[in-house]
2 protein chains.
Amino acid sequence: MRPNDLSEIHTLTLFKKMDENNFAAIIQAAYLQNFPAQVQLANEGDDADFLFFVIEGCVELFAAANGREATMAMVGPSESFILAAVLKDAPYLMSARTTEKSRVLMIPAQNIRDAFEKDEAFARTIILELAECYRTVIKDYKNLKLRTAVERLANRLLEFHCEQEETGVIELPYDKKRLAALLGMTPENLSRAFLTLKPYGVIVRGSKITLNDMKGLITLAKPNQLIDRHTK
Amino acid sequence: MRPNDLSEIHTLTLFKKMDENNFAAIIQAAYLQNFPAQVQLANEGDDADFLFFVIEGCVELFAAANGREATMAMVGPSESFILAAVLKDAPYLMSARTTEKSRVLMIPAQNIRDAFEKDEAFARTIILELAECYRTVIKDYKNLKLRTAVERLANRLLEFHCEQEETGVIELPYDKKRLAALLGMTPENLSRAFLTLKPYGVIVRGSKITLNDMKGLITLAKPNQLIDRHTK
DNA sequence: GAATTTAATTGATACAGATCAACCCACATG
DNA sequence: CATGTGGGTTGATCTGTATCAATTAAATTC
């Protein structure tokens with residue numbers, strides 16, 4: 001592991017306040033790996049062997065049952081995934097795959113559990129991280145239960161706009177197929193949802209989306225502090 | 001507070017391993033109250049003033065937006081709710097109301113946060129509780145995304161059957177309106193879903209449901225360890 | 001740069017579930 | 001005992017979204 005990587009990892013919220021020795025022990029046991037796109041990193045139902053962090057790239061969390069598949073979340077740089085399964089030493093509830101070339105930090109679950117036993121500050125940090133994860137899922141769940149497909153798309157566009165430069169033009173961070181799955185709809189429906197948003201100034205050209213009528217779009221989307229990340 | 005109540009509260013998973021003094025301090029500040037049905041205990045968007053435990057009865061967690069309302073979960077005896085908001089000192093993401101006459105323990109949020117700072121064992125217990133809550137929401141989310149309304153109903157019936165005596169007869173723990181909302185459908189649709197389940201031995205008489213063809217029902221429901229609580 | 005694959009769009013149709021309306025039933029209230 | 005009142009069922013209709021099929025566009029591979 002390069003010293004550069006190391007300092008970057010140390011700035012992850014989960015490790016910031018951790019005791020140096022315990023951090024060293026964790027890093028000792030960890031793997032930092034580059035994966036191409038479409039590599040499955042974890043499999044729903046398997047025991048939680050690793051805690052993962054996306055350092056660079058993007059990872060899709062998904063689940064399958066009854067011949068259907070659902071995208072649960074997209075994980076970006078500096079974010080961890082499947083922390084709860086690791087802590088409970090329980091099977092993963094979701095599978096994970098890279099959607100693009102990605103750098104991923106993998107920490108053996110046992111090391112995390114050991115550190116959590118030994119290191120009080122670490123335990124406290126985990127609580128806040130877990131609480132945040134919990135609230136994020138609740139928000140996603142509300143998003144799905146309380147909004148139509150078009151509303152979900154509109155809010156997601158506003159979120160992208162906020163995450164990016166707020167220049168009125170956004171670049172989709174993954175393909176439309178995945179975006180559709182994340183929003184809980186089919187790709188065909190996403191196309192039609194974009195058409196529905198055209199009167200609200202949403203111009204689509206490939207993965208570049210131009211927002212020409214923010215006010216109108218916001219009126220339609222009705223972003224909500226208790227559901228969306230992008231509202232301040 | 002009666003000594004009886006006190007010992008019951010002490011057996012709640014969250015308090016079992018807690019230091020006696022810290023437990024005493026929390027109990028000192030807590031309120032144990034009886035509420036009639038339909039009392040709103042918490043309001044989405046408000047700051048988290050209290051951590052709640054249902055001691056007896058039942059509480060509905062719900063959220064509203066865009067003129068719609070969605071039931072998120074039903075909380076039964078010995079279960080807590082809105083722990084994450086309390087720990088993060090953030091606004092509630094859900095509202096809560098009693099669905100029947102209920103005994104509810106209310107602990108001021110600040111006392112919980114204090115104890116969490118002081119008491120290491122308590123902090124560790126919280127982690128496991130939070131992780132469990134997180135996994136429960138993920139399961140609910142998967143349930144909604146991966147199953148049809150009829151499948152959700154079938155699995156919920158199996159869950160009730162498991163929670164109760166497994167005698168082949170179950171008693172709905174709350175009215176059908178609420179059950180429908182919890183399953184993400186309208187009451188009208190719930191009626192029809194019950195009709196769909198008739199060929200699978202599901203006989204409805206008021207709030208008493210008889211399951212005459214467990215095998216058939218299970219074949220239809222396809223219960224799944226990674227979604228349902230009732231599968232062992 | 002032609003060939004192949006994969007992603008995205010468009011149209012036609014099917015279906016699950018919502019909505020609206022009428023009605024029934026149980027039970028509480030004056 | 002008449003009268004609400006709210007929960008529940010049933011039927012008719014409507015709507016959002018999925019599905020299927022065909023086509024186009026864009027990205028990969030040779």
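Just so we're on the same page: letters track the sequence lines, and every chain starts at 1.
- Salt bridge B/D228/B/R147: present, at least one basic N to carboxylate O contact under 4.0 Å.
- Of all nucleotides listed (C/dA8, D/dT9, D/dT17), D/dT17 comes nearest to the side chain of A/T148.
- Between the side chains of B/T71 and B/E60, a donor-acceptor pair is found at a separation under 3.5 Å.
- At least one side-chain nitrogen or oxygen of B/T186 sits closer than 4.0 Å to the OP1 or OP2 atom of C/dA18.
- Here the P atom of nucleotide C/dG17 and the CG atom of B/L144 are 11 Å apart, to the nearest Å.
- Taking atom CZ on B/F194 and atom P on C/dG17, their separation rounds to 15 Å, with Å as the unit.
- For the pair B/R178 CZ and D/dG7 P, the interatomic distance rounds to 7 Å; values are reported in whole Å.
- Applying the 3.5 Å distance criterion, the base of D/dG16 shares no donor-acceptor pair with the side chain of A/R192.
- Ranking C/dT9, C/dC20, C/dA7 by closeness to the B/E188 side chain, first place goes to C/dC20.
- Nucleotides of DNA chain D nearest to A/M185 and B/K176 differ in position, and the one nearer the 5' end is that of B/K176.
- Counting only heavy atoms from C-beta on, A/K177 has its side chain closest to C/dA7 among C/dA7, D/dT10, D/dG7.
- Taking every side-chain heavy atom of A/D175 into account, C/dA7 is the closest of C/dA7, D/dT9, D/dG8.
- Atoms CD (A/E100) and C1' (C/dT6) sit 18 Å apart, rounded to a whole Å.
- For A/N189 and D/dT17, the shortest distance from a side-chain N or O to OP1 or OP2 is not below 4.0 Å.
- In this structure, A/E151 pairs ionically with B/R68, as a charged nitrogen and a carboxylate oxygen lie closer than 4.0 Å.
- Across all strands, A/L195 comes closer than 4.0 Å only to sugar-phosphate atoms, never to a base (heavy-atom distances).
- In this structure, A/L183 reaches neither bases nor backbone, as no heavy-atom distance under 4.0 Å exists between it and the strands shown.
- The side chain to side chain donor-acceptor pair (under 3.5 Å) test with A/N34 singles out one residue from A/E56, A/R103, A/K101, and that residue is A/R103.
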